[in-house]
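A short write-up of the structure that comes next.
All residue numbers in this chain count up from 1 along the given sequence.
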Amino acid sequence: MDTMTYVLFGATGDLAKIKIFPAFYNLFLEQKLPDSISIIGAGRDNMSDSAFQHYVEEHFQDAQFWTAAA
């Protein structure tokens, strides 16, 4: 697979935080994602790109994230 586009509906919700983000992180660590990937997130909360990136980054630093990712 050369390229991939993944559309995530509910990107600001609990399921994304608890399951989807850790799954993408693990796929990245295992080098199972294509070199060229686009992830499009849609959610109810109105956020800028940088605010959403910060939101995701906060969850990577959250202890619950690491428990879910294990």
Side-chain angles (χ1 to χ4, degrees):
M1 183 178 347
D2 294 332
T3 64
M4 182 174 110
T5 300
Y6 186 90
V7 180
L8 175 58
F9 294 96
T12 58
D14 262 1
L15 181 63
K17 178 175 70 172
I18 295 169
K19 296 292 184 182
I20 306 296
F21 298 157
F24 270 119
Y25 180 72
N26 287 330
L27 288 171
F28 171 76
L29 289 179
E30 295 169 8
Q31 298 179 351
K32 292 185 177 179
L33 292 175
D35 291 334
S36 177
I37 183 171
S38 298
I39 301 173
I40 301 169
R44 285 197 214 178
D45 298 334
N46 189 13
M47 293 185 190
S48 67
D49 289 346
S50 60
F52 179 71
Q53 291 168 2
H54 181 70
Y55 170 81
V56 173
E57 189 176 304
E58 282 179 342
H59 296 297
F60 274 78
Q61 296 170 1
D62 187 358
Q64 287 181 348
F65 173 85
W66 296 111
T67 302

Heavy-atom side-chain proximity of [X] to [Y] below 4.5 angstrom:
X: Tyr6; Y: Leu33; value: no
X: Ile37; Y: Phe28; value: no
X: Pro34; Y: Thr3; value: no

Measure the [atom1]-[atom2] distance between [X] and [Y] for me, rounded to the nearest 0.5 Å.
X: Met47; Y: Gln53; atom1: CE; atom2: CD; answer: 11.5 Å
X: Ser50; Y: Glu57; atom1: OG; atom2: CD; answer: 11.0 Å
X: Ile39; Y: Leu8; atom1: CD1; atom2: CG; answer: 8.0 Å

Has Glu30 got more than 12 heavy atoms of other residues, nucleotides or ligands less than 6.0 Å from its CD?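 It does: Glu30 CD has more than 12 such atoms within range.
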Enclosure of Asp45 CG (heavy-atom neighbours >12, cutoff 6.0 Å): yes
Indicate, with yes or no, if Tyr25 and Leu15 share a hydrophobic cluster defined by side-chain heavy-atom contacts under 4.5 Å among Ile, Leu, Val, Met, Phe, Trp and Tyr.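 Leu15 and Tyr25: separate clusters.
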Indicate, with yes or no, if Tyr55 and Ile40 share a hydrophobic cluster defined by side-chain heavy-atom contacts under 4.5 Å among Ile, Leu, Val, Met, Phe, Trp and Tyr. no
Where is the tightest heavy-atom contact between [X] and [Y], given as atom of each residue plus distance?
X: Phe21; Y: Val56; result: CZ-CG2, 3.6 Å
X: Arg44; Y: Thr12; result: N-OG1, 3.8 Å
X: Ala11; Y: Gly41; result: CB-CA, 3.7 Å
X: Ala16; Y: Pro22; result: O-CD, 4.1 Å

